[in-house]
2 protein chains.
Amino acid sequence: MVTIKQVAEYAGVSVATVSRTLNDSGYVGKESRRKVEEAIKVLGYYPNEVARSLYQKSSKMIGLLLPDISNPYFPLLAKGVEDYAQQNGYMVILGNVEDNADKEDMYVKFFSQYNISGVLSAASGKRKNNDRVPYVLLDRALEEENYSISTDDRLGGKLAGQAILESRGQNIIVMAGPRHVSGANDRLSGALSVLNAAGASYRVFETETFQVDRAEETAQRLFDTFKSFDSVIASNDVYALAVMKEAIKRKYRIPEDIQIIGYDDMLFSRLMYPGLTTIAQPAYEVGFKGAEMLVNLIEKKVIIDKKVKLKPELIRRDSLR
Amino acid sequence: MVTIKQVAEYAGVSVATVSRTLNDSGYVGKESRRKVEEAIKVLGYYPNEVARSLYQKSSKMIGLLLPDISNPYFPLLAKGVEDYAQQNGYMVILGNVEDNADKEDMYVKFFSQYNISGVLSAASGKRKNNDRVPYVLLDRALEEENYSISTDDRLGGKLAGQAILESRGQNIIVMAGPRHVSGANDRLSGALSVLNAAGASYRVFETETFQVDRAEETAQRLFDTFKSFDSVIASNDVYALAVMKEAIKRKYRIPEDIQIIGYDDMLFSRLMYPGLTTIAQPAYEVGFKGAEMLVNLIEKKVIIDKKVKLKPELIRRDSLR
DNA sequence: ACTAAATGTGTAATCGGTTACAGATTGAGG
DNA sequence: CCTCAATCTGTAACCGATTACACATTTAGT
């Protein structure tokens with residue numbers, strides 16, 4: 001690796017001058033600048049970020065904490081983060097924390113060992129942000145006064161409820177996601193508020209997990225528990241799919257006999273037959289805007305909103321009448 | 001942040017002694033060790049990796065280059081990498097390179113600026129590995145003599161071909177993935193070898209991309225191009241799904257009229273109705289073993305196989321007769 | 001022409017670790 | 001009791017950058 005010292009030597013100036021040229025800081029004479037630029041080009045020099053970040057006590061890296069990369073929602077979010085970061089000269093460090101507070105702590109410690117300049121967290125943990133590092137919450141707006149980007153899940157729930165009402169759902173099953181996921185509660189309460197206002201008749205089906213492997217079994221249980229219903233508001237697309245599969249297996253027609261609405265809009269939701277009507281969450285945008293907010297925080301720019309809520313959107317396909 | 005200097009001071013020894021205690025290197029007296037450990041505990045000290053890596057010219061970070069995180073195959077792979085890394089004290093830096101050689105170069109440069117100790121790449125680019133950093137290829141075993149972990153795609157293709165033959169495919173369409181993806185070629189040639197050996201009649205349908213948004217359109221084109229066929233070997237699960245959807249839309253029954261086999265085994269493949277029979281790729285394992293190989297390379301342990309090929313597996317569900 | 005401000009440059013300290021080297025102490029063997 | 005090796009420990013150099021400070025040289029203003 002070529003160092004600043006070698007550049008200085010080649011250019012016939014001191015390392016300070018090279019550094020000033022690199023960072024456009026302080027005064028640098030015309031001729032010196034030319035010689036330094038020449039040397040940099042000839043030697044193919046680029047600065048060592050480790051040395052830089054040792055002195056600055058901060059590197060151009062941001063940490064991204066995810067509860068589960070294999071859940072299809074998060075890769076999209078990660079892509080948004082990565083795109084913004086990359087465009088602004090930051091690197092993303094990935095941490096898969098699996099709803100495990102210890103793992104989360106471990107990562108936060110790791111991060112600080114590497115002088116990471118900020119953290120983006122979609123993980124559940126309520127960190128007491130005693131470390132001075134900028135922290136932005138993704139998709140988990142807690143009550144406290146921290147920065148966050150999230151989807152308006154209550155609105156999403158309302159949208160789903162409205163869509164079902166508009167397509168004349170009479171006998172509705174509302175699947176409630178796990179209680180400990182705050183977004184799931186908001187969706188439920190949003191949906192119920194609309195249903196209640198319209199005086200519709202519905203029943204709530206509790207599911208205790210978002211785990212994919214349990215989806216099929218849960219769908220079976222739903223059909224076994226409730227005899228007759230004509231509409232299902234699923235807690236997410238994976239469950240919607242499982243319900244759809246079970247419905248078709250049991251010879252119901254979709255949407256004629258049973259209509260279904262999902263939540264998330266995963267890529268396969270439109271590849272189903274019939275296409276799944278669902279509430280799209282702007283996962284990519286959550287990631288992108290989260291990264292933007294974090295970088296602004298790091299670079300101490302003004303931030304208008306501490307808490308940004310993005311709007312979900314109804315995607316009409318064929319699983320509603 | 002508490003530094004080694006403060007620890008030394010508190011313990012009443014020199015920084016060298018603290019460092020020796022931390023790294024179990026050189027001689028450290030019993031009493032000194034005790035005092036240092038005490039001080040570390042009291043002060044809550046943990047070493048700054050940036051400083052360490054500046055001197056060592058290598059950090060405990062590995063770079064992971066992915067062509068597209070939003071493609072559902074890669075998150076699983078990433079999880080495998082992340083799990084192994086985390087268990088062995090390494091951090092993972094994510095780079096989404098999108099089949100873009102410039103972006104890949106940019107990342108490799110980024111990585112070297114951060115003294116990254118190794119790179120795991122699932123990206124297409126054939127890097128002239130002139131940098132001395134350990135490099136392991138994931139799922140892209142090139143001819144050259146570099147390290148790699150990949151799936152035996154030829155075998156996967158054969159498995160698919162055999163499965164179709166066993167379920168009495170008469171008139172087979174084989175979808176060829178993009179030519180520039182080496183794995184896609186291997187699958188194709190594997191499938192064809194089996195089909196040829198059996199003297200089966202088939203036609204090859206070329207697709208030029210693995211992009212998800214093009215899947216539906218491609219499936220329509222397939223049906224428009226070929227009048228009659230009873231079996232499809234799809235280039236991956238997304239395409240298999242799109243073909244299934246189009247088939248159902250056109251009132252074909254699956255698997256009675258048309259049977260379909262996919263490739264990858266994505267999570268939604270079993271949530272379809274009918275469940276998609278497919279060739280499962282051990283994505284998680286590719287990631288995990290790749291990380292293992294890389295870490296062994298970094299730590300200069302002996303490596304038995306430079307090129308590891310993992311076996312794909314047939315997952316029987318309901319889309320074959 | 002004379003002073004003050006603006007500009008240009010190099011030396012050395014600093015960031016927080018690791019380690020070569022030297023000097024001190026202890027212990028074993030003769 | 002002496003010698004030599006083994007064991008401990010501290011000082012200082014080093015990793016590759018940034019920057020405070022001192023000093024030199026221009027430039028501007030009167």
Side-chain angles (χ1 to χ4, degrees), chain A residues 1-37 39-40 43-61 89 109-117 132-133, chain B residues 1-37 39-40 43-61 89 109-117 132-133:
Chain A
M1 196 194 200
V2 25
T3 72
I4 200 173
K5 212 169 167 181
Q6 293 170 270
V7 173
E9 201 161 320
Y10 187 98
V13 298
S14 74
V15 291
T17 299
V18 177
S19 180
R20 282 187 211 108
T21 307
L22 283 167
N23 303 305
D24 264 324
S25 61
Y27 297 109
V28 178
K30 236 178 168 176
E31 180 58 12
S32 294
R33 164 160 276 125
R34 204 198 48 70
K35 282 190 297 184
V36 169
E37 277 161 359
I40 287 174
L43 301 176
Y45 167 82
Y46 51 97
N48 179 323
E49 277 297 324
V50 173
R52 202 204 289 263
S53 91
L54 175 59
Y55 187 89
Q56 313 275 239
K57 294 168 185 299
S58 153
S59 67
K60 297 206 97 186
M61 301 196 284
K109 184 175 157 188
F110 252 161
F111 288 170
S112 91
Q113 289 189 291
Y114 282 99
N115 285 171
I116 252 164
S117 59
R132 288 279 163 265
V133 68
Chain B
M1 193 190 203
V2 25
T3 70
I4 200 174
K5 212 168 167 182
Q6 294 171 269
V7 173
E9 201 161 320
Y10 187 98
V13 299
S14 74
V15 291
T17 300
V18 178
S19 180
R20 282 187 211 108
T21 307
L22 283 168
N23 303 307
D24 264 322
S25 61
Y27 297 110
V28 178
K30 235 178 169 177
E31 181 57 11
S32 294
R33 164 161 277 125
R34 205 199 47 70
K35 284 190 294 183
V36 169
E37 277 161 359
I40 287 174
L43 301 177
Y45 168 82
Y46 51 98
N48 179 323
E49 278 296 327
V50 174
R52 199 204 289 264
S53 90
L54 175 59
Y55 188 89
Q56 313 275 235
K57 293 168 186 300
S58 152
S59 68
K60 296 206 97 186
M61 300 194 283
K109 183 175 158 190
F110 253 159
F111 288 170
S112 91
Q113 289 189 290
Y114 281 98
N115 285 173
I116 251 164
S117 60
R132 289 280 162 265
V133 67

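Side chains included, hydrogens not; waters and symmetry mates left out as well; all remaining heavy atoms used. In what follows, every chain begins at residue 1, and chains take the letters A, B, ... in the order their sequences are listed.
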Quiz item: Hey, are the side chains of E31(B) and V13(B) touching, using non-hydrogen atoms and a 4.5 Å cut-off?
Solution: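 A side-chain contact is absent here, since even the closest heavy-atom pair is not under 4.5 Å.
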Quick check for you: among [options], whose closest atom lies nearest to any side-chain atom of [X]?
X	options	answer
S14(A)	dG10(C), dT18(C), dG10(D)	dG10(C)
R52(A)	dT18(D), dA12(D), dT9(D)	dT18(D)
K57(B)	dT11(C), dT9(C), dG16(D)	dG16(D)
P47(B)	dT18(D), dG17(C), dT9(D)	dG17(C)

Given atom [atom1] of [X] and atom [atom2] of [N], what is their separation to the nearest angstrom?
X	N	atom1	atom2	answer
L54(A)	dT19(D)	CG	C1'	14 Å
Q113(B)	dC15(D)	CD	C1'	16 Å
N115(B)	dA17(D)	CG	P	10 Å
Y27(B)	dG27(C)	OH	P	15 Å
Y114(B)	dA17(D)	OH	P	13 Å
K60(A)	dT18(D)	NZ	P	13 Å
K30(A)	dT25(D)	NZ	C1'	18 Å
N48(A)	dG16(D)	CG	C1'	6 Å

Exercise. Identify, between A51(B) and R33(B), the residue whose nearest nucleotide on DNA chain D lies closer to the 5' end.
Key: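 Nearest-nucleotide comparison on DNA chain D picks R33(B).
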Self-check item: 5′-ward residue of the pair V18(A)/V13(B) relative to DNA chain D
Solution: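 Per heavy-atom nearest nucleotide, the more 5' residue is V13(B).
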Just checking [X]: base, sugar-phosphate only, or nothing, at a heavy-atom cut-off of under 4.0 Å?
X	value
Q56(B)	sugar-phosphate
S19(B)	base
S25(A)	nothing
V28(A)	sugar-phosphate
S53(B)	nothing
K5(A)	nothing

Quiz item: Just by distance, do the side chain of N23(B) and the backbone of S25(B) share a donor-acceptor pair under 3.5 Å?
Solution: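 No; zero donor-acceptor contacts below 3.5 Å.
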Quiz item: Any side-chain N or O of T3(A) under 4.0 Å from OP1/OP2 of dG16(D)?
Solution: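 For dG16(D), OP1/OP2 do not have a side-chain N/O of T3(A) under 4.0 Å.
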Practice problem: Check whether any side-chain N or O of T17(A) sits under 4.0 Å from OP1 or OP2 of dG8(C), and answer yes or no. | Solution: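 No, T17(A) has no side-chain N/O under 4.0 Å of OP1/OP2 on dG8(C).
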Self-check item: Approximate separation, where rounding is to 0.5 Å, of I4(A) CD1 and L43(A) CG
Solution: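 The distance works out to 12.0 Å.
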Self-check item: Residue E9(A) excluded, over 12 heavy atoms near CD under 6.0 Å
Solution: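 No.
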Quiz item: With no angle test and no hydrogens, is the base of dG10(D) tied to the side chain of R20(B) by a donor-acceptor pair under 3.5 Å?
Solution: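 Pair found.
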Quiz prompt | Closest approach of V2(A) to Y45(A) (non-hydrogen atoms, all atoms of both residues) | solution =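 Heavy-atom minimum between the residues: O-CD1, 3.3 Å.
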Practice problem: Start with the C-alpha distance between S53(A) and Y114(A), add both sets of side-chain angles, then the distance that settles side chain to side chain donor-acceptor pair (under 3.5 Å), and finish with yes or no. | Solution: CA-CA 9 Å; S53(A) 91; Y114(A) 282 99; over 6 Å; no
